[in-house]
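Here is the structure we will look at.
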Amino acid sequence: MTLTQHPRLDHLLIADMVEPGARVLDVGCGDGALLQLLARAKNVDGRGVELSQRGVNECVAKGLSVIQGDADTDLADYPNDGFDYVILSQTLQATRHPREALGNMLRIGRRAIVSFPNFGYWRVRVQLAFRGRMPVTGNLSYSWHDTPNIHLCTIRDFVELVDNLGAHIERGFALDHAGAPIRVNAPWWVWNLMGEQAIFLLERDAPSE
Amino acid sequence: MDHALVTDGGRSIAPLAIGYETYGELNADRSNAILLCHALTGDQYAAGVHPVTGKPGWWDALVGPGKPFDTERYFIICSNVVGGCMGTTGPSSTNSSTGKPYGLDFPVVTIRDMVRAQAMLIDHLGIETLFCVAGGSMGGMQVLQWAASYPDRVFSAMPIATAAKHSAQNIGFNEVGRQAVMADPDWRAGRYLEQGVRPEKGLAVARMSAHITYLSEAALQRKFGRKLQDRSAPTFSFDADFQVESYLRYQGVAFVERFDANSYLFVTRACDYFDLAADYGGSLAKAFKDTKTRFCVVSFTSDWLYPTSDSRAVVHALNAGGASVSFVEIESDKGHDAFLLHEPMFIATTRGFLESAAVARGLKARP
């Protein structure tokens, strides 16, 4: 498979944020598709954490170094600065303690890459506002009663949390319904309204002198 | 072996014999050798038919043509541990300085001593780097010790259903077994071989209590429940009324036919003394610092002898050392023994890990 055939645009955008040869920890790595892409396209030294046994087995069979574990409990065991990048792709909303998870990511890695579904997306707002129903969209495909997503946020909420954690956003994308990036010079409210999902590259603030 | 084995306890064992089996063929550049490390009461007969019991080898589910440890692709070595009783020098071997069996005069050996003896065998076979060292339970401890002692000689490692140190519970169960052996009047302070007897009853009891720890409550309940053996009502006696009693008695009797009581004392002691972190200033991570070995750690959900938390401790240490590590907790209700049984998810994990390591090692695909 060539790069352009990779089925997930969000993976390609994440790969674009990673420097070649970096040490990467992918938290919630699923079947290892992103780790494989990073290994192939960026020659990264990749590791993964995945909750499901099926996912871990698929990764191990692919030759990836993946640990069965839980982002909420197991990140605490990783030493400081063990990785160049820690990635959390479409998993933040399923963690019990998103703030702690993000804090750990920024402790373990110099940089963190986070992608998540945007609850401020206009279709979400429309479903709740006009139909009075919990939103079900392509990115939020579960009914309210059986969803693994327990901590949904909007892009604005996320930006505020990053600021609280002593980090800043280096680069960011919002993807529209078709998965196309929204123009980077668009104002925040446009991202927050038009983005179905978002991808951010975060970096720890330099310690003050 | 040409030279003596000097033990952690400062004694030396000479001459040292090592009983071992091999399966498959060593390739031209000697890069496809896998060392399998057996568990407490296992031996070198990992695959095929065991010459004493007539039953399949202990890892017959995983070792053979087309199986994860593919004998058409890899050269598989399995040796009997030092202190054992199947061809490697142990307490039932003749002490050259007395002309009698060692008995308790045999040096107390450690897991590291077992690994040192294995390294002597690997040297003897002319193999510099092992493609993989794999094993479960006590065998898993040897795998961890190999990776710590000889990081450059281990390309990949699979510690399975094991721990970097024995817990108080494990030591406790082992002590029950040792006391059962030593309480048998036929044990004769370990000199039973010279007196033509064997402490079979004590060893059988040791095996019965240990066997319970290898299973899970759910597996015992499913297999036996409170079912009666060959009768419809209790006999109000101490016969084996319950099927589970009958099963354990059989396990005990079958065990004494193939295992030496003093060996049981020595190998359980080796496990109890195992504490890998202690050798590295209390830091397990230091044992694996800067290791290049690829690890795949496996635990089983219903293993209460070496629970998943023990494996996680190893994984955390490997992570802290920046090692390449995979970890899978296999869903199984078969208890500790699950690693010896046909557990499909475990077999798939082993196959996947070995195949990817083989690619990294540049081993040719299966013919």
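Predicted model, so just to flag it, every value in this text is computed and none were measured.
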Toward chain B, the part of L25(A) with a non-hydrogen atom under 4.5 Å: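 For L25(A), there is no contact with chain B at all, as no heavy atom is under 4.5 Å.
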Side chain, backbone, both or neither of V60(A) within contact of chain B (heavy atoms, under 4.5 Å): both
Distance, nearest 0.5 Å, that separates CD of E331(B) from CD of Q53(A):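 Separation between the atoms: 6.5 Å.
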Separation of I67(A) CD1 from H316(B) NE2 (nearest 0.5 Å): 7.5 Å
Contact check, side chains of K62(A) and S356(B), non-hydrogen atoms, under 4.5 Å: no
Given heavy-atom pairs under 4.5 angstrom as the criterion, report whether the side chain, backbone, both or neither of [X] touches chain A.
X: E329(B); result: both
X: R312(B); result: side chain
X: A357(B); result: neither
X: V325(B); result: both

With a 6.0 Å cut-off (strictly less than), is the heavy-atom count around [atom1] of [X], excluding the residue itself, greater than 12?
X: R110(A); atom1: CZ; value: yes
X: W144(A); atom1: CH2; value: no
X: R171(A); atom1: CZ; value: yes
X: E170(A); atom1: CD; value: yes

Residue, of I330(B), T350(B), N319(B), that accumulates the most heavy atom pairs under 4.5 Å with chain A: N319(B)
Highest number of heavy-atom pairs under 4.5 Å with chain B: which of [options]?
options: G63(A), G48(A), C59(A), G46(A); result: G63(A)
options: V66(A), D45(A), V49(A); result: V66(A)
options: S65(A), G69(A), P79(A); result: S65(A)

